[in-house]
Amino acid sequence: MTTSEATAESRPWTHGDVVLAAGLVMVAVQLVWKFDLVRRSYFRQDDFTFIARGLEHGLTWDYLMRVDYGHLVPGPFAIQWAMGRLGVYNDVLAHAVAMTLLGAAGLALLQLLRLLFGSRPAILVPLAFYLLTPMTISSLSWWAVVIETLPFQIALPMALSSHVHYARTGRFRHALAAAAWTAVGMAFFVKAPFILVLAFALSVGWLRRPRQWPAWALYAGVVVVYAVIFFRQLFTSEQLTDNTVQPNMPSLPVAARFAWTLLWGSLSPAAFGGPWKWHPIGDDYAIAATPPPLAWVALGLAAVVVAASIRYRRRAWLAWLVLLGYVVLADMVPVLIGRVEQLGPELGGYELRYISSTSTVLALVIGLAFIPLRDEEQPWLRPPPRLRLAWAPLAAAVAAGSIWSVTAYGNLPLGQHVKSYVETARVALKRTPPGTVILDTYVPPKVVMATFFYEYALTSKVLGPIATHPVTWTGRLNGPVSGPLAFDEQGRLRPVSIEGAVVPGRSPCMPVGPAEVRFRLPLTLPKGVWTAQIGYLNPVETTLSVRLGGPETRVTAGKDLGSTYAAVAGGGTYLVLRTLDGRSACVGEIRVGVPRPAMNATSIPPRPVGG
C-alpha cells in the first residue's frame, strides 16, 4: 500500500462528505420511491402522435424544427423518432430513460446547491423539497412531458453551476459550458432561455464579479440565435389543423382567472405538499383538486415564509422576485398565448405539469432566501432568531403532505387500461392473415382524443406501426370486401356489422336490372354519409348503382354468393338500386347505417391482454 493510499484510507469523513453522502442517499431513495409510479405509466395522447410522426419522417431539419403549438423541441422529437424504431411503444425503454433523467436532475441540483452554499446540512432542505414535491408527479406519468421537462431540470442547474464557476474564477471555458448547457435546455424545452435570466439574477444579487461582459456577450448570442430560429419556425410550422400558429392573448378576465388559479390552486399548495386531492382526467392522468380551505392556508403560509425571509435574509426579496418573474413569464405567458382558450382558465390553472419545472427554480430560491452563500459577507439584515429549528415542524408537515399527495396520485390506474388496449391490438394484428381489411376508425378517447389529434387518432396511425405483417386499412367500405374487421373499445378485432336499417332478403332473392328498384327502409335516415351492405347471389359479376336520396355510388357486385358495400351520401326512406352494364343481379339482405364492430361476434383475441 502506498503512502497516499494509506492516507486516503485513514482520513476520517469530513462534514462535507457526510452532507454529500446524505444527498446522494436522498436522490437514490427518491428513485426507488418514484419507480413504482413510473413503471405503471404508459404512453398517452400525443405520445402516440409524436411517435407516429417520427415514423413518417426522416431525422431532417424540417421534422426536428417544427414548432408544435408554441414548442420548439428538436430534442424530444429526436427521441420520439428513435422510440419509433426501438420497439415503437417500448415502455420499458421509456421507463429506463425517465428514471435516468430523474436521477440526473437530482444530482445536478445537489451539485448546484453544494457549489453555491457549500456542503452544509442546510442544503438538504431545498434538495428534499425538490425530491418530494408533488409539482413533478403528473409530469412523470406522461412520456412526452418527461422528455421535455426533465432534460431542462438537468440543464438548468448544470448551466447555473458553470456560470457560478465562471463568476468565481473568470475562466471563459465555464461560460462556454454554461452556454452549451443552456443550448441543450433550449433543444428540449421552451422555457430554457430563462436559464440565462436566472444566471443574470445570480450575478446581480450574489455573484458580483467585474468584467463579466464576455460571458454576457456569448449568452446574448445564444439567445439571439434561438429567438431567430424559434420565431421563424413558429410562424411557418404547420400544425395538425394544417394551419400555421396565430398567437393571441386571451381576454383580461380569462388571463386573470388562469393566473389566479395557477397561483392559488396549484403553485402555493404544491409548495407545501399539496394538492392533497386529485381530479382524474381519464384513467391515466389527473390535475390538482386542492380543497379551497387548504389552498387559502397554503397561500397564507407562503406569505409568512416570504415575509420572514425578507426580514432576516439580505436580498431575499430578490430571490422571491426572481421566482415571481419566472412563474409569470415562463409558466403563465406561454399558456396564455397558446392553450388557455382551449383548456379554459380553471382546467389550465390546476394543471401541475405547467409548473413542474418550477420545482427546480423554487428549490434554488428557497436556498437563496434562507441560506448564506459560501464565503458570503454580511448575509443577514439582522441576527436570525435563536429558535433555528422552528421551521422543522413545517418541513415535516410539508414532507408528510407531499408523500400523501404523491401516493394519492399513484393510486390512479395510470397506464393500465391504455396499455391493455395497445397490447390487445398487438395480439389481434399478429393473429390476422396478411392483407386483412380493417376499418380505419378512431381509437377510444382514453387512448388518443380525435378532437385534438385528428387523423393521428385513427387506428391506422396508432396501431398500424405495431402490425407484424401488412394489413389493409380502409376509411370507408366500398365494393366487395371479404370479412372486414374493426377494433372494439378494448383493442380486439371483430367482424364489421352495419348498424341501422335492415331490409330482409326475399326468397330466393330480388332481381335487379337496368331499371331502378326501390327498397323501402324500415326507418327514415337523416341526411349524411351512410354505408350500405348489399347481399347478392349473382350468375355473373355486375356493376350496381346505389342511391339514397342523393348522388349514385357505383360498386361491383361479384359472381355467386357474397356482399358488396357502398358509401352513399343522402338520406330518406328508400334505397334505389339498378345495374349499369345491362346484366342482372339478385339481391338479398340489405343493411344501411354505420359500420361498427359486431359485439355479439367472436373477437380476436377472446379476452383483452391485461384487462
Side-chain angles (χ1 to χ4, degrees), residues 435-442 450 454-455 457-461 464 471-487 493-506 508-598 601:
T436 298
V437 176
I438 301 177
L439 189 62
D440 196 10
T441 56
Y442 289 114
Y454 309 99
E455 64 176 282
L458 291 170
T459 50
S460 61
K461 295 286 189 180
V471 296
T472 301
W473 300 94
T474 181
R476 187 162 296 280
L477 298 172
N478 213 53
V481 180
S482 176
L485 303 176
F487 282 99
L493 280 171
R494 296 179 182 269
V496 171
S497 173
I498 306 301
E499 297 184 3
V502 180
V503 179
R506 302 179 187 180
C509 55
M510 181 67 181
V512 174
E516 289 187 341
V517 178
R518 293 160 62 88
F519 292 85
R520 183 181 179 88
L521 304 179
L523 53 89
T524 300
L525 296 177
K527 286 191 175 183
V529 179
W530 306 95
T531 298
Q533 180 183 8
I534 304 163
Y536 58 78
L537 179 60
N538 294 337
V540 293
E541 182 181 292
T542 186
T543 302
L544 290 176
S545 166
V546 186
R547 287 196 304 111
L548 182 64
E552 73 172 10
T553 299
R554 300 184 179 192
V555 295
T556 300
K559 182 183 176 182
D560 299 327
L561 181 66
S563 63
T564 189
Y565 296 87
V568 291
T573 310
Y574 291 94
L575 187 74
V576 182
L577 302 180
R578 66 184 179 94
T579 60
L580 296 173
D581 50 13
R583 299 173 181 175
S584 295
C586 202
V587 174
E589 182 182 80
I590 297 174
R591 292 175 173 267
V592 185
V594 179
R596 301 188 189 280

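Residue Ile590 holds its CD1 atom at 14.0 Å from CZ of Arg520, rounded to the nearest 0.5 Å. Here the CZ atom belonging to Arg583 is positioned 7.5 Å from the OG1 atom belonging to Thr543, to the nearest 0.5 angstrom. Rounding to the nearest 0.5 angstrom, the gap separating the CZ atom in Arg518 from the CD atom in Glu516 is 8.0 Å. With values rounded to the nearest 0.5 angstrom, Arg591 atom CZ is found 5.0 Å from Ser497 atom OG. Here the OG atom belonging to Ser460 is positioned 10.5 Å from the CG atom belonging to Leu439, to the nearest 0.5 angstrom.
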I would like to know whether Tyr442 and Thr459 meet side chain to side chain contact (heavy atoms under 4.5 Å, CB included); could you show each step before the answer?
-> CA-CA 6 Å; Tyr442 289 114; Thr459 50; over 6 Å; no
Starting from the C-alpha separation in whole Å, work towards a yes-or-no answer on side chain to side chain contact (heavy atoms under 4.5 Å, CB included) for Leu544 and Thr579.
-> CA-CA 5 Å; Leu544 290 176; Thr579 60; 3.9 Å; yes
Test side chain to side chain contact (heavy atoms under 4.5 Å, CB included) on Leu575 and Val503 and set out the steps.
-> CA-CA 10 Å; Leu575 187 74; Val503 179; over 6 Å; no
Under the side chain to side chain contact (heavy atoms under 4.5 Å, CB included) criterion, do Thr542 and Val512 qualify, and how do the steps go?
-> CA-CA 11 Å; Thr542 186; Val512 174; over 6 Å; no
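Annotation: side chain to side chain contact (heavy atoms under 4.5 Å, CB included) contacts of Thr556 (sequence neighbours excluded): Pro480, Glu541.
Looking at heavy atoms from C-beta onward, Thr474 lies out of side-chain contact with Pro484 at the 4.5 angstrom threshold. Between Val592 and Leu525, some side-chain heavy-atom pair lies under the 4.5 Å cut-off. Between Ile498 and Tyr565, the closest side-chain pair of non-hydrogen atoms falls below 4.5 Å. By the 4.5 Å heavy-atom criterion applied to side chains, Tyr574 and Leu521 are not counted as neighbours. Here the side chains of Thr531 and Val496 are not in contact, with every heavy-atom distance at 4.5 Å or above.
Of all heavy-atom pairs spanning Phe487 and Pro597, the tightest one is O-CG, 3.7 Å. Heavy-atom minimum distance, Gly464 versus Trp473: CA-CZ2, 3.8 Å. Heavy atoms only, all atoms of each residue included: Lys559 and Tyr536 are closest at O-CE1, 4.4 Å. For Thr472 against Gly435, the heavy-atom pair with the smallest separation is OG1-O, 3.5 Å. Smallest separation of non-hydrogen atoms from Ala515 and Arg578: O-CB, 3.7 Å. Taking each heavy atom of Ser545 and Glu552 in turn, the nearest pair found is OG-OE1, 2.5 Å.
Judged by distance alone, the side chain of Asn478 and the main-chain N or O of Ala567 form a donor-acceptor pair under 3.5 Å. Judged purely by atom type and a 3.5 angstrom limit, Arg494 uses its side chain to pair as donor or acceptor with the backbone of Ala601. Not a single donor-acceptor pair under 3.5 Å links the side chain of Asn538 to the backbone N or O of Ser584.
Considering Ile534, Leu577, Val576, Thr573 as possible partners of Phe519, the one that fulfils the side chain to side chain contact (heavy atoms under 4.5 Å, CB included) test is Leu577.
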